[in-house]
Amino acid sequence: MDYLARLLLILHFYETTVEGRFVDSTVKLTSNMNLECIYPKTANITQMSWVKSIATDKETIAVFHPRYGVYIQDQYKDRVRFINASSKGKSLNFIKTTEADMGFYFCSITFADGIWEKVIQVIPSDSFKVPPVPPANHVITEPGENVTLRCPFRVGGLVQQVTWERIKVDRRDTVVLCNLSEGKTYGSDYQEHAIIDCAPQKSSILVLQNVSAYDSGIYRCHYSLTNGANKTHVMSLTVTSGKLRSDGADGFTSGNSVNC
Ligand SMILES: *[C@@H]1O[C@H](CO)[C@@H](O)[C@H](O)[C@H]1NC(C)=O
Ligand SMILES: *[C@@H]1O[C@H](CO)[C@@H](O)[C@H](O)[C@H]1NC(C)=O
Ligand SMILES: *[C@@H]1O[C@H](CO)[C@@H](O)[C@H](O)[C@H]1NC(C)=O
Ligand SMILES: *[C@@H]1O[C@H](CO)[C@@H](O)[C@H](O)[C@H]1NC(C)=O
Ligand SMILES: *[C@@H]1O[C@H](CO)[C@@H](O)[C@H](O)[C@H]1NC(C)=O
Ligand SMILES: *[C@@H]1O[C@H](CO)[C@@H](O)[C@H](O)[C@H]1NC(C)=O
């Protein structure tokens, strides 16, 4: 048996339960779909795998090993590929998807010091909504800045839980979840990029460090009270590209990005 086949057998027995899992990213099911997994650390990858959870069982879709290369499980071979297996990105592209492709996916990356994991849930496209952004809630900044996003609590009682999400047309990434009794949990893509203080306050303040154009998008803060009531605050963040700025001629972009 070759190395990757043996690895698949081992992976089959390793526990992945979905129950009560923290979901890092929620992706809308589309016929041509990308599940993004970009390793944020600099340590070398020992191996990586994409596993799908099916009821109480799990199924290995793909394995990547720096020396042995890429292995895609037979039933996925014709419609799944790594977008860029040679780089740090270990994202998967699916084509000809069906409803059977909905569910929970685990991108697990093993390196010398441990395991980094990202949990992605694929949901029906009609249950995925992009919220409107109120006109006053636009933040514009430049690459490399640390951006502060504020979510004022418009309630009297004690806020039990706050979730910050970044929303794009086809997916929603969890930035961080603050739970009054359980503490904070950062989304796997934000562990080294976002800072939040979860102590009870009048608002929730999220700092995104060293932003790039990649951070542009809609941000939603969802907070709930101990009595179960929910509220949301939606804003957008635009990180102007350095190119637009140096061109300087585009009235809209440069006019709005001058805040100094
Ligand atoms: C990572 O792998 C490269 C190429 O194999 C090697 O040159 C480098 O020293 C490794 N880095 C670490 C931190 O192990
Ligand atoms: C693949 O990764 C390489 C190296 O990081 C990068 O230069 C290239 O643009 C990537 N290709 C795609 C399609 O993302
Ligand atoms: C962003 O925050 C980090 C850590 O607090 C700091 O070292 C860095 O200088 C800040 N960058 C800018 C552009 O303010
Ligand atoms: C937050 O903590 C409370 C109390 O422990 C718990 O009931 C609730 O399920 C937690 N929420 C999340 C999303 O973990
Ligand atoms: C900020 O991000 C850029 C790439 O987006 C990276 O090249 C640079 O090293 C980062 N700076 C710091 C201080 O982390
Ligand atoms: C608040 O939101 C949670 C999850 O987002 C939901 O389960 C709950 O039913 C909501 N409560 C109310 C009162 O809308």
Side-chain angles (χ1 to χ4, degrees), residues 11-12 15-38 48-63 72-84 89-109 117-134 151 161-177 179 185-190 214-224 228-237:
L11 284 168
H12 189 76
E15 199 62 45
T16 37
T17 48
V18 174
E19 206 70 32
R21 277 305 283 255
F22 177 85
V23 174
D24 295 291
S25 188
T26 303
V27 173
K28 170 172 151 176
L29 180 72
T30 49
S31 59
N32 183 332
M33 173 175 83
N34 289 339
L35 300 186
E36 193 172 273
C37 185
I38 297 171
M48 81 83 50
S49 66
W50 272 101
V51 172
K52 186 182 184 195
S53 166
I54 295 165
T56 57
D57 203 1
K58 57 247 165 245
E59 167 178 72
T60 302
I61 298 172
V63 175
I72 310 260
Q73 189 78 276
D74 282 348
Q75 67 263 41
Y76 286 98
K77 240 176 199 143
D78 299 334
R79 54 188 202 90
V80 167
R81 65 183 177 98
F82 277 102
I83 294 175
N84 203 346
K90 296 287 172 275
S91 305
L92 273 195
N93 170 255
F94 283 67
I95 54 167
K96 298 184 227 152
T97 59
T98 65
E99 288 191 359
D101 291 319
M102 292 190 297
F104 291 88
Y105 292 81
F106 301 82
C107 167
S108 305
I109 295 183
E117 192 173 59
K118 178 172 178 178
V119 181
I120 299 176
Q121 183 179 14
V122 175
I123 63 165
S125 62
D126 57 5
S127 63
F128 187 91
K129 304 246 169 9
V130 177
V133 182
C151 172
Q161 186 163 307
V162 184
T163 310
W164 280 89
E165 295 166 305
R166 199 277 298 272
I167 303 171
K168 296 225 166 185
V169 285
D170 56 356
R171 68 169 206 272
R172 198 161 67 216
D173 300 313
T174 308
V175 178
V176 65
L177 183 150
N179 188 319
T185 312
Y186 288 104
S188 56
D189 291 332
Y190 289 91
Y214 183 81
D215 293 304
S216 294
I218 294 175
Y219 286 78
R220 177 168 67 188
C221 156
H222 176 100
Y223 53 100
S224 52
N230 292 315
K231 282 191 190 300
T232 59
H233 183 74
V234 178
M235 67 215 84
S236 77
L237 172 67

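Between the side chain of Glu59 and the backbone N or O of Lys52, no donor-acceptor pair lies under 3.5 Å. Under the 3.5 Å distance criterion, the side-chain polar atoms of Ser91 are matched with a main-chain donor or acceptor of Cys37. Distance alone, capped at 3.5 Å, is enough to place a donor-acceptor pair between the Thr174 side chain and the Val23 backbone. Looking at Thr26, its side chain never comes within 3.5 Å of a backbone N or O of Gln121 through a donor-acceptor pair.
Closest non-hydrogen pair, Ser224 versus Asn230, comes out as CB-OD1, 3.1 Å. The two residues Ser188 and Asp24 have their closest heavy-atom pair at N-OD1, 2.8 Å. Scanning both residues, Ile123 and Met102, for their nearest heavy atoms gives C-SD, 3.9 Å. Here the closest non-hydrogen pair linking Phe128 and Asp170 is CZ-C, 3.8 Å. Tyr219 and Leu237 make their closest contact through CE1-CB, 3.7 Å (heavy atoms, listed as atom of the first residue, atom of the second, distance).
For the pair Lys168 and Tyr214, the cation sits on the ring face: its NZ or CZ lies under 6.0 Å from the ring centre, inside 45° of the axis.
Counting heavy atoms from C-beta outward, Ile218 and Pro131 have side chains that approach closer than 4.5 Å. Within the 4.5 Å cutoff, the side chain of Phe94 has no heavy atoms near those of the Val122 side chain. Residues Met48 and Cys107 form a side-chain contact, since some pair of their non-hydrogen atoms from C-beta on lies under 4.5 Å apart. Using a 4.5 Å cut-off on side-chain heavy atoms (C-beta onward), Cys221 and Val162 make contact.
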- side chain to side chain contact (heavy atoms under 4.5 Å, CB included) between Glu36 and Asn34, intermediate numbers included: CA-CA 6 Å; Glu36 193 172 273; Asn34 289 339; 5.8 Å; no
- Apply salt bridge (charged side-chain N to carboxylate O under 4.0 Å, His left out) to the pair Asp173 and Arg166, showing each step before the final yes or no. CA-CA 5 Å; Asp173 300 313; Arg166 199 277 298 272; 3.1 Å; yes
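Tested against Arg79 for a side chain to side chain donor-acceptor pair (under 3.5 Å), the candidates Thr98, Asp101, Asn32 yield a single pass: Asp101. None of Val63, Leu92, Ile72 except one satisfies the side-chain contact (heavy atoms from CB on, under 4.5 Å) rule with Trp50; the exception is Leu92. Under the side-chain contact (heavy atoms from CB on, under 4.5 Å) rule, Phe106 has a single partner from Val119, Ile61, Thr60, which is Val119.
Counting non-hydrogen atoms of other residues, nucleotides and ligands closer than 6.0 Å to CD of Gln75 gives a total above 12. A 6.0 Å sphere centred on NZ of Lys231 holds no more than 12 heavy atoms belonging to other residues, nucleotides or ligands.
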